[in-house]
Peer 1: 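Here you go, one structure.
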Amino acid sequence: MNYLNINDNKLAPVVTELNQLLAEYNVYYQKLRSFHWNVLGKNFFDLHNKFEELYNDAKVKVDETAERILTLRYHPVSKFGEYLKMAEIKEISAMITDTEMVDEILKDHQIILKQMKSVIAKADTAGDEGTIDMIGAYIGELEKSSWMLDAWNKNTEDQLKKANLGKAS
């Protein structure tokens with residue numbers, strides 16, 4: 001029974017994009033775990049906790065994305081080797097600085113956000129409101145996390161100098 005009232009031919013491209021998102025999220029999740037375990041320095045407590053928060057969120061997104069694919073009556077890709085082949089996000093060594101870790105996560109966010117927009121475009125074409133709703137919420141959450149990480153990564157002194165340039169003496 002087609003309880004979705006959406007043509008299967010229209011859903012196939014949505015599922016392809018969701019599987020791509022699933023691959024991105026799985027590699028991103030493991031990268032966050034690695035960074036969580038290996039972060040060092042004065043920012044250890046902040047980033048150790050933040051990376052844990054991010055990977056717990058990613059774990060939920062992985063599950064919900066896979067379950068959305070199942071809801072659409074398809075099967076999610078479920079082999080890590082396939083994720084590594086499919087994903088634009090790549091594994092890297094965690095033997096980098098804390099700021100490099102944050103830069104890397106922000107690059108991953110760009111990739112994930114781009115993929116989410118691709119999912120929404122295909123879902124819109126298919127009339128798949130459920131996927132649009134789910135991914136739309138994800139976009140807002142990831143944009144906020146990106147803003148916070150970007151703010152953390154800023155050099156406060158540079159920001160103050162820029163702000164003071166605009167003031168009259």
Side-chain angles (χ1 to χ4, degrees), residues 14-71 75-121 123 130-163:
V14 177
V15 171
T16 298
E17 296 302 325
L18 283 169
N19 268 316
Q20 183 65 40
L21 181 61
L22 189 59
E24 303 298 356
Y25 255 117
N26 270 287
V27 178
Y28 167 73
Y29 169 81
Q30 190 55 44
K31 186 184 290 185
L32 287 166
R33 296 290 307 242
S34 177
F35 287 176
H36 169 77
W37 296 326
N38 291 292
V39 67
L40 297 171
K42 292 179 179 152
N43 295 308
F44 171 81
F45 291 106
D46 288 341
L47 289 179
H48 183 76
N49 290 332
K50 187 57 159 177
F51 293 154
E52 183 174 14
E53 175 189 316
L54 290 170
Y55 76 65
N56 282 330
D57 179 68
K59 179 175 67 172
V60 170
K61 301 294 193 289
V62 163
D63 190 54
E64 290 177 350
T65 301
E67 288 178 352
R68 183 65 192 166
I69 293 166
L70 290 161
T71 299
H75 292 280
V77 173
S78 57
K79 292 182 179 179
F80 206 79
E82 288 298 311
Y83 298 144
L84 290 171
K85 289 177 194 172
M86 292 171 63
E88 187 177 334
I89 294 174
K90 299 300 177 202
E91 293 181 300
I92 66 163
S93 170
M95 299 300 116
I96 57 178
T97 68
D98 55 357
T99 56
E100 289 171 322
M101 287 177 176
V102 171
D103 286 340
E104 186 68 22
I105 295 305
L106 285 168
K107 288 178 198 169
D108 292 349
H109 285 190
Q110 285 181 313
I111 292 166
I112 293 169
L113 286 165
K114 183 178 87 177
Q115 184 57 33
M116 286 179 180
K117 290 175 184 177
S118 193
V119 170
I120 285 183
T131 297
I132 292 169
D133 185 53
M134 183 180 90
I135 300 298
Y138 290 1
I139 288 172
E141 293 171 17
L142 194 59
E143 287 173 342
K144 184 174 181 180
S145 291
S146 298
W147 158 65
M148 291 179 168
L149 286 170
D150 188 54
W152 178 91
N153 220 10
K154 297 272 189 235
N155 182 330
T156 307
E157 290 177 18
D158 290 344
Q159 294 298 101
L160 292 174
K161 287 176 189 174
K162 287 178 187 176

Peer 1: Over 60° means perpendicular and under 30° means parallel, so classify the ring planes of Y83 and F80, tilted if in between.
Peer 2: perpendicular
Peer 1: Please say which of L21, V77, T16, N19 ends up in a side chain to side chain contact (heavy atoms under 4.5 Å, CB included) with I69.
Peer 2: N19
Peer 1: Applying salt bridge (charged side-chain N to carboxylate O under 4.0 Å, His left out) to K144 and E141, what does each step give before you reach the verdict?
Peer 2: CA-CA 5 Å; K144 184 174 181 180; E141 293 171 17; over 6 Å; no
Peer 1: Would you mind reporting whether V27 and E88 have side-chain heavy atoms less than 4.5 Å apart?
Peer 2: no
Peer 1: Less than 4.5 Å apart, any side-chain heavy atom of I135 and any of L18?
Peer 2: yes
Peer 1: Roughly how far apart are I105 CD1 and I89 CD1, rounded to 0.5 Å?
Peer 2: 8.0 Å
Peer 1: Go through it in stages, so that I can follow the logic: the residues are D98 and W152, the test is side chain to side chain contact (heavy atoms under 4.5 Å, CB included), and I'd like the CA-CA distance, side-chain angles, deciding distance and then a yes or no.
Peer 2: CA-CA 11 Å; D98 55 357; W152 178 91; 4.2 Å; yes
Peer 1: With rounding to the nearest 0.5 angstrom, report the OG to CE distance, S34 to M101.
Peer 2: 7.0 Å
Peer 1: When you measure from the side chain of E52 to the backbone of H36, do you find a donor-acceptor pair of N or O atoms at a distance under 3.5 Å?
Peer 2: no
Peer 1: How long is the gap from CG on L54 to CG on L142, to the nearest 0.5 Å?
Peer 2: 8.5 Å
Peer 1: Considering only heavy atoms from C-beta outward, does the side chain of Y138 approach that of I120 to under 4.5 Å?
Peer 2: no
Peer 1: Keeping the roles fixed (side chain from D57, backbone from E53), state whether a donor-acceptor pair exists under 3.5 Å.
Peer 2: no
Peer 1: Would you check if the side chain of Q115 reaches a backbone N or O of E17 as a donor-acceptor pair within less than 3.5 Å?
Peer 2: yes
Peer 1: Would you say that K61 contacts I112 through its side chain, given a criterion of any heavy-atom pair below 4.5 Å between the two side chains?
Peer 2: no
Peer 1: Indicate yes or no for a side-chain donor-acceptor contact from Q20 to the backbone of M86 under 3.5 Å, with no hydrogens or angles considered.
Peer 2: yes
Peer 1: Can you tell me how far CG of L70 sits from OG1 of T65, rounded to the nearest 0.5 angstrom?
Peer 2: 11.0 Å
Peer 1: Are any side-chain N or O atoms of D150 and backbone N or O atoms of S146, one a donor and one an acceptor, separated by less than 3.5 Å?
Peer 2: no
Peer 1: Whether the side chain of T71 engages the backbone of E67 through a donor-acceptor N/O pair (distance < 3.5 Å, no angle test) should be reported.
Peer 2: yes
Peer 1: Do you know the tightest heavy-atom contact between L22 and A66?
Peer 2: CD1-N, 4.1 Å
Peer 1: Looking at side-chain heavy atoms only, is the closest gap between I96 and F35 below 4.5 Å?
Peer 2: yes
Peer 1: Please tell me if the side chains of I111 and Y28 come closer than 4.5 Å, counting only heavy atoms from C-beta onward.
Peer 2: no
Peer 1: Just verifying a value: how many Å separate S118 OG and M116 CE, rounded to the nearest 0.5 Å?
Peer 2: 12.0 Å
Peer 1: Find the distance between CZ (R68) and CD (E64) and round it off to the nearest 0.5 Å.
Peer 2: 11.5 Å
Peer 1: With salt bridge (charged side-chain N to carboxylate O under 4.0 Å, His left out) as the criterion, how do K50 and D46 come out once you've worked through the C-alpha distance, each side chain's angles and the decisive distance to 0.1 Å?
Peer 2: CA-CA 6 Å; K50 187 57 159 177; D46 288 341; over 6 Å; no
Peer 1: Other residues, nucleotides and ligands only: do more than 12 of their heavy atoms fall within 6.0 Å of NZ on K117?
Peer 2: no
Peer 1: Dump the intermediate steps for salt bridge (charged side-chain N to carboxylate O under 4.0 Å, His left out) on K107 and D103, then the final yes or no.
Peer 2: CA-CA 6 Å; K107 288 178 198 169; D103 286 340; over 6 Å; no
Peer 1: Taking the side chain as every heavy atom from C-beta outward, state whether L113 and I139 have any pair of such atoms under 4.5 Å apart.
Peer 2: yes
